[in-house]
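The structure appears below as structure tokens.
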Amino acid sequence: MTKEFTIGETVRVIALPPYIKTAEPMPMLRPPDTIRLREEGIVTDRRPGGYWVVRFDRGAFLLDSQYIESITLEPESPPASHVEPSLPADSDRSDD
């Protein structure tokens, strides 16, 4: 199963492929050390075959989803001590 990413999402390289393919109109193969393990990039496009265009400092490359992971942090829910108590539904403050 391929992972899904959104355009603009920040990802991290979790494994290096045997070679790197540039995301140019005429793609070129580059050695795997063109990018570093754990280097972070931004997803800029999706290509057929489960490939993602990821922009790094050295350029944009096509990477299979198995080599990258999302590093977007999910917002944490507030701890239970910060939850405001709710008022009962029939609490009417009109003491006339």
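Computed from a prediction, not measured in an experiment: that's the story for all the values here.
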* To do: Apply side chain to side chain contact (heavy atoms under 4.5 Å, CB included) to I20 and L63, showing your working.
  => CA-CA 7 Å; I20 304 289; L63 289 174; 4.1 Å; yes

* Picking from T44, V11, T10, D45, what satisfies side-chain contact (heavy atoms from CB on, under 4.5 Å) with V54? ->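 Among the candidates, only V11 passes.
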
Can you tell me how far apart [atom1] ([X]) and [atom2] ([Y]) are? Round to the nearest 0.5 Å.
X	Y	atom1	atom2	value
D57	E39	CG	CD	5.5 Å
R38	I71	CZ	CD1	10.0 Å
R46	L62	CZ	CG	13.0 Å
I42	I7	CD1	CD1	11.5 Å

* Spell out, as yes or no, whether a donor-acceptor pair under 3.5 Å connects the side chain of R58 to the backbone of T34. => yes

* To do: Give a yes or no on whether F56 atom CZ has more than 12 heavy-atom contacts from other residues, nucleotides or ligands under 6.0 Å away.
  =>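 Yes - once you tally the heavy atoms of other residues, nucleotides and ligands closer than 6.0 Å, there are more than 12.
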
* **R47 atom CZ: more than 12 heavy-atom contacts under 6.0 Å** =>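 Yes, the 6.0 Å shell around CZ holds more than 12 heavy atoms from other groups.
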
* **Nearest atoms (heavy-atom pairs only) where P17 meets A15** => CD-O, 3.7 Å

* To do: Would you tell me whether S70 and E9 have side-chain atoms, one donor and one acceptor, within less than 3.5 Å of each other?
  =>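 Yes, E9 and S70 have a side-chain donor paired with an acceptor closer than 3.5 Å.
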
* To do: List the steps, then state whether side chain to side chain contact (heavy atoms under 4.5 Å, CB included) holds for T6 with V43.
  => CA-CA 7 Å; T6 57; V43 175; over 6 Å; no

* **same_hphob_cluster(F61, L16) at 4.5 Å side-chain heavy-atom cutoff** => yes

* Asked: Quick one: ring-ring contact (aromatic ring centres under 6.0 Å, His included) pairs with a partner in residues 2-26, sequence neighbours left out?
  ->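 Pairs touching residues 2-26 that pass the test: F5-W52.
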
